[in-house]
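See structure below.
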Amino acid sequence: MAPVVLMLARMLPSVVEACEARFDLLRLWEADDPAALLRERGGDVVGVATNGQLPVDDALLDQLPKLQIVAHFGVGYDSVDTEATRARGVVVTNTPDVLDAEVADTALALLLMTVRELGAAERWLRAGRWAAEGPYRLTPRTVSGRRLGILGLGRIGLEIAKRAEPFGLAIAYHNRNQRDDVPYAYHPSLLDLAAAVDTLMIVVPGGAATHHIVDAAVLAALGPDGIVINIGRGSVVDTDALITALQDGTIAAAGLDVYEDEPRVPQELVDIETAVLLPHVGSASVATRRAMGQLVVDNLISWFERGRAVTPVP
Ligand code: NAP
Ligand code: 8YV
């Protein structure tokens, strides 16, 4: 009998097809009555595939008593209550490594767009203002020589650092633990890092430990030439404090790919010209998303055929 796998929300067609070929796939998002589906089949479910849209928490887990594995599409798995899965002996997997280059490329693009005002310059052209009013303004800031502080020098953070070096950026970082394999200056406190740099690149995971750690004090420490780039998770930044800091000149600009309440973005942020706003596209190329999807499938297959996951989270 094929293992019963519950898919919580629509995933890539390649993932759905591969799961259908190997498993008895329950599509929660297509169910007329999802609660009834869980009531009737929840007892059979041994695997969950999720893209993070819906939480995997006690309320769901209580309905899946035989669950063995949660395969998460995405490296950040903050939608999964890992205390609850651990308590039940459920393995959680994510999709690390295969997206590092894509996300780091996007982070660098966001940094360049923000410092050199490339989005605003493009809007200037499209509005016909180049022809009507003349060239877009000279940007007050340039990339070369900026001091980049990376909050979260992990897999993606390191790829960002490697890309930033040839742009002439001085690099420092803050993690909970100092790395012994990098030449970059380590700051044991985030506030100290913010005071030492003018550009803060956020690449830490979401969750309780990082919730709003980039707050008004950190933004003030960054200073009036300060730039915040967030490619990690929206919950890391106190959005109200960020909006205020951008409005009153506490910092100069921000480039964001992630938000606290996606896909909703506060109108105040949308109205700020010095904010470059991307709709969570860090890993969003066909090739990278396909590789992430394949890893979801590989984790499920490996678990049910060999009893071990390919990329379990710690
Ligand atoms: P990773 O390799 O686990 O790196 C995370 C880094 O953050 C580690 O260096 C870790 O170091 C540090 N860290 C974790 N908790 C911290 C805390 N409380 N305070 C300070 N530093 C902390 O993860 P990754 O693969 O690079 O991915 C990072 C995150 O990027 C993901 O979790 C996800 O949220 C986000 N992401 C976003 C996109 C996008 O599309 N925008 C795509 C992929 C990933 P220590 O353990 O030493 O603290
Ligand atoms: C995905 C991400 O867009 O991997 C992550 O943590 O944020 C992105 O790659 C997202 O997880 C897809 O649901």
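Bear in mind that the values here come from a model prediction, so they are computed numbers and not experimental data. Indexing begins at 1, ligand by ligand and atom by atom, following the structure's order. The basis for the numbers below is simple: all heavy atoms, side chains too, and nothing from hydrogens, waters or symmetry mates.
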Return all side-chain donor-acceptor pairs below 3.5 angstrom for residues 305-314, not counting sequence neighbours, or 'none' if the list is empty.
residue	atom	partner	partner atom	Å
Glu305	OE2	Arg22	NH1	2.6
Thr311	OG1	Asn94	O	2.8
Thr311	OG1	Asn299	ND2	2.8

For residues 213-225, which side-chain donor-acceptor pairs fall under 3.5 Å, sequence neighbours excluded?
residue	atom	partner	partner atom	Å
Asp215	OD1	Ala217	N	3.2
Asp215	OD1	Val218	N	3.1
Asp225	OD1	Arg141	NE	2.5

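Under a 4.0 Å heavy-atom criterion, Arg289 is in contact with ligand 2.
Taking only nitrogen or oxygen atoms, main chain and side chain alike, Val75 reaches within less than 3.5 Å of ligand 2. No N or O atom of His72 sits closer than 3.5 Å to an N or O atom of ligand 2. Between Gly76 and ligand 2, a contact under 3.5 Å exists for at least one N or O pair. Geometrically, ligand 2 and Thr95 share no nitrogen or oxygen pair separated by less than 3.5 Å.
Closest heavy-atom contact between Leu38 and Gln63: CB-OE1, 3.4 Å.
The closest protein non-hydrogen atom to atom 2 (C) of ligand 2 is His280 NE2, 3.6 Å. When hydrogens are left out, the protein atom nearest atom 13 (O) of ligand 2 is Asn51 O, 3.0 Å; that is the closest non-hydrogen contact. For atom 1 (C) of ligand 2, the closest heavy atom belonging to the protein is Ser283 OG, 3.7 Å.
A donor-acceptor contact closer than 3.5 angstrom links the side chains of Glu260 and His212. Defined by atom type and a distance below 3.5 Å, a donor-acceptor pair is present between the side-chain atoms of Tyr136 and Glu117. A side-chain donor-acceptor contact under 3.5 Å links Ser283 and Arg289. Judged purely by distance below 3.5 Å, without hydrogens or angles, the side chains of Thr288 and Ser285 pair a donor atom with an acceptor atom.
Crowding of Glu83 atom CD: a count of heavy atoms from other residues, nucleotides or ligands under 6.0 Å not exceeding 12. Atom CG of Asp32 is surrounded by 12 or fewer heavy atoms from other residues, nucleotides or ligands within 6.0 Å. Other residues, nucleotides and ligands contribute only 12 or fewer heavy atoms inside 6.0 Å of the CZ atom of Phe167.
Residue Gly74 approaches ligand 2 through these ligand atoms, each under 4.0 Å from one of its heavy atoms: 4 (O), 5 (C), 11 (O). Listed by atom number, the atoms of ligand 2 under 4.0 Å from Met292 heavy atoms are 9 (O). Less than 4.0 angstrom separates some heavy atom of Arg233 from each of these atoms of ligand 2: 2 (C), 5 (C), 6 (O), 7 (O). Close approach of ligand 2 to Leu99 is summarised as follows: ligand atoms under 4.0 Å from at least one heavy atom of the residue are 4 (O), 9 (O).
Each of Val75, Gly76, Leu99, Val103, Gly152, Leu153, Gly154, Arg155, Ile156, His174, Asn175, Arg176, Asn177, Val203, Val204, Pro205, Ala209, Thr210, Ile231, Gly232, Arg233, Asp257, Val258, His280, Gly282, Ser283 has a non-hydrogen atom positioned under 4.0 Å from some atom of ligand 1.
No part of Gln53 comes within 4.0 Å of ligand 2, judged by heavy-atom distances. Residue Asn94 does not touch ligand 2, judged by heavy-atom distances below 4.0 Å.
By the side chain to side chain contact (heavy atoms under 4.5 Å, CB included) test, Arg88 pairs with Asp58, Leu61, Asp62, Ala84, Val90, sequence neighbours left out.
Relative orientation of the Tyr77 and His72 rings is perpendicular, given thresholds of 30° and 60° on the angle between their planes.
With Arg155 as the fixed residue, the side chain to side chain contact (heavy atoms under 4.5 Å, CB included) test singles out one of Val103, Asp100, Val203: Asp100.
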